[in-house]
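My questions will all concern the structure given below.
Remember, predicted model here, so these are calculated numbers, not experimental data. Convention: sequence-line order gives letters A, B, ...; per-chain numbering from 1.
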Amino acid sequence: MPELPEVEVVRRGLERWISGRRIREVEVLHPRAVRRHLAGGEDFAAALAGHRVGVPHRRGKYLWIPLTDGLSVLAHLGMSGQLLVQPGDAPDERHLRVRIRFEDAVSPSDTELRFVDQRTFGGLSLHPSVPLDPDGLPDVIAHIARDPLDPAFDDEAFHQALRRRRTTVKRALLDQSLVSGVGNIYADEALWRSRLHYERPTATLTRPRTSELLGHVREVMRAALDVGGTSFDSLYVNVNGESGYFDRALDAYGREGEPCARCGTAIRRNPWMNRSSHYCPRCQRPPRLT
DNA sequence: CTTCGATCCTGGTAGC
DNA sequence: TGCTACCAGGATCGAA
């Protein structure tokens with residue numbers, strides 16, 4: 001599942017392969033992939049044609065590609081989305097949803113951009129920027145908080161927000177209006193590293209504990225970025241987050257029944273919010289019920 | 001205002 | 001073999 005590191009790898013790949021190119025033609029093959037573009041698929045395709053694309057930006061799990069007139073193409077990968085740079089004559093993927101061809105593609109094997117998404121939770125859309133925003137942040141994601149790797153992320157404000165909230169620490173990590181880019185995988189990993197149970201009330205976290213947690217979030221994301229970021233300089237921008245390379249480095253997520261790397265106790269998986277939480281029952285003690 | 005559960009989607013797999 | 005049930009889960013929406 002693409003979380004911040006996977007999306008950042010995609011962003012870098014796009015910067016390398018499509019920045020500066022002019023769009024010739026857009027093909028929308030599945031309406032659901034552009035459902036957040038309220039004017040519809042035909043409008044989306046027509047609006048993009050002729051634009052030159054700028055340098056892709058990212059906030060949390062969203063990335064956007066600025067066009068020339070204050071508009072940006074916003075992309076979210078959802079659970080299974082991929083942005084692929086493929087030769088134009090490569091066979092269509094089974095779940096190809098949108099194809100973007102460029103003016104500079106003269107031979108059939110020259111590259112195009114493809115949005116592929118099996119479960120169609122992701123999508124593309126076109127939006128104006130927040131006025132005066134230096135990065136051209138699309139207005140529809142103005143409510144998304146900065147992510148922990150953003151130099152402007154405010155650790156102290158985050159801590160204060162946690163203290164005010166009446167919620168639990170994992171819910172807070174997944175709340176994209178508090179901190180963005182963290183999904184189920186990196187939440188479980190950061191909590192394991194911090195020896196925090198997922199149901200710990202955020203109001204009980206001390207400032208040092210919050211700092212430690214943020215530090216572990218950053219560590220695990222940077223580790224994933226280091227591994228995933230090494231492969232993008234090939235022809236394909238091929239990142240869907242499954243990334244068979246990083247999962248060997250995970251300590252909690254997907255490790256049910258395997259020994260905790262710290263204490264050897266079997267990792268547990270509990271149902272949680274229609275998904276799962278993975279944790280070490282010994283290192284990550286549940287909070288006392290009040 | 002905050003909190004929280006239901007919902008969208010499809011392919012893979014477990015179980016009968 | 002063929003069917004059903006369940007699972008993965010980010011973001012949004014509406015209820016409380």
Side-chain angles (χ1 to χ4, degrees), chain A residues 1-8 10 28-38 58-64 74-83 93-98 115-125 127 137-148 158 160-191 198-204 217 221 224 239-244 246-247 250 252-257 267-279 287 290:
Chain A
M1 274 54 68
E3 300 182 27
L4 184 154
E6 291 78 19
V7 178
E8 174 59 16
V10 172
V28 176
L29 297 124
H30 196 304
R32 198 173 143 79
V34 293
R35 68 191 180 285
R36 293 184 190 92
H37 187 81
L38 301 180
R58 181 189 55 72
R59 173 174 289 192
K61 303 168 198 171
Y62 286 92
L63 68 83
W64 66 94
L74 180 64
H76 196 284
L77 301 178
M79 290 185 57
S80 53
Q82 300 170 275
L83 282 165
E93 290 75 10
R94 182 159 151 78
H95 301 291
L96 178 62
R97 307 305 190 195
V98 180
F115 179 69
V116 177
D117 192 9
Q118 180 216 123
R119 275 171 272 188
T120 66
F121 275 38
L124 306 180
S125 48
H127 304 280
L137 183 75
D139 59 4
V140 293
I141 58 164
H143 65 291
I144 299 294
R146 292 186 185 274
D147 59 65
F158 179 68
Q160 294 303 333
L162 292 188
R163 299 286 308 195
R164 281 194 302 271
R165 287 281 176 130
R166 292 295 173 266
T167 189
T168 53
V169 64
K170 184 167 172 181
R171 275 179 176 277
L173 284 176
L174 297 185
D175 184 339
Q176 306 293 302
S177 69
L178 289 176
V179 53
S180 67
V182 185
N184 204 41
I185 297 173
Y186 296 114
D188 281 358
E189 290 303 301
L191 290 170
Y198 56 94
E199 285 190 320
R200 167 70 84 89
T202 57
T204 68
V217 170
M221 284 182 166
V239 180
N240 62 3
E242 312 292 344
S243 63
F246 185 64
D247 57 5
L250 298 177
Y253 183 85
R255 290 271 179 261
E256 182 183 17
I267 296 291
R268 273 195 204 149
R269 178 173 69 91
N270 282 359
W272 181 85
M273 296 276 295
N274 279 332
R275 38 182 68 68
S276 294
S277 272
H278 309 75
Y279 69 107
T290 50

So does A:Ala252 get a backbone contact from the side chain of A:Glu189, meaning a donor-acceptor N/O pair under 3.5 Å?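 Present.
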ask   = 5'-most contact on DNA chain B: A:Asn274 or A:Thr167, nearest heavy atom basis?
value =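 The 5'-side residue here is A:Thr167.
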- Task: Would you indicate which nucleotide in B:dG5, B:dG11, B:dC9 comes nearest to any side-chain atom of A:Arg119?
- Result: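 Among B:dG5, B:dG11, B:dC9, the one nearest the side chain of A:Arg119 is B:dC9.
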Nucleotide by nucleotide, nucleotides 10-16 of chain C touches protein heavy atoms under 4.0 Å in the pattern (B base, S sugar-phosphate only, - none) BSS----
query: Taking A:Glu199 for the side chain and A:Val169 for the main chain, is one N or O donor matched with an acceptor at less than 3.5 Å?
result: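 Not confirmed, A:Glu199 side chain does not pair with A:Val169 backbone.
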* Asked: For the helix from B:dT2-C:dA16 to B:dC16-C:dG2, what is the angle between the axes at its two ends, each from 5 pairs, rounded to 10°?
  ->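 Overall, the helix from B:dT2-C:dA16 to B:dC16-C:dG2 bends by 50° from one end axis to the other.
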Residues A:Arg32 and A:Thr120: side-chain donor-acceptor under 3.5 angstrom |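 Result is yes, a qualifying pair exists.
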Q: Enter the distance from A:Glu6:CD to A:Tyr186:OH here, rounded to the nearest 0.5 Å.
A: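 Going from the CD atom of A:Glu6 to the OH atom of A:Tyr186 covers 3.5 Å.
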Inset, instruction - Look at the side-chain N and O atoms of A:Ser276 and state whether any lies under 4.0 Å from the OP1 or OP2 oxygen of C:dA8. - result: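 Indeed, a polar side-chain atom of A:Ser276 lies that close.
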Polar contact flag, side-chain donor to acceptor under 3.5 angstrom, A:Ser276-A:His278:
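Their side chains do not contain a donor-acceptor pair, so the 3.5 Å distance test is not met.
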Select one nucleotide: of C:dG9, B:dT3, B:dG11, the one nearest the side-chain heavy atoms of A:Tyr253.
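Selected nucleotide (nearest to the side chain): C:dG9.
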Quick check for you: to the nearest 0.5 Å, what is the distance between A:Asn184 atom CG and A:Lys170 atom NZ?
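One finds 3.5 Å between CG of A:Asn184 and NZ of A:Lys170.
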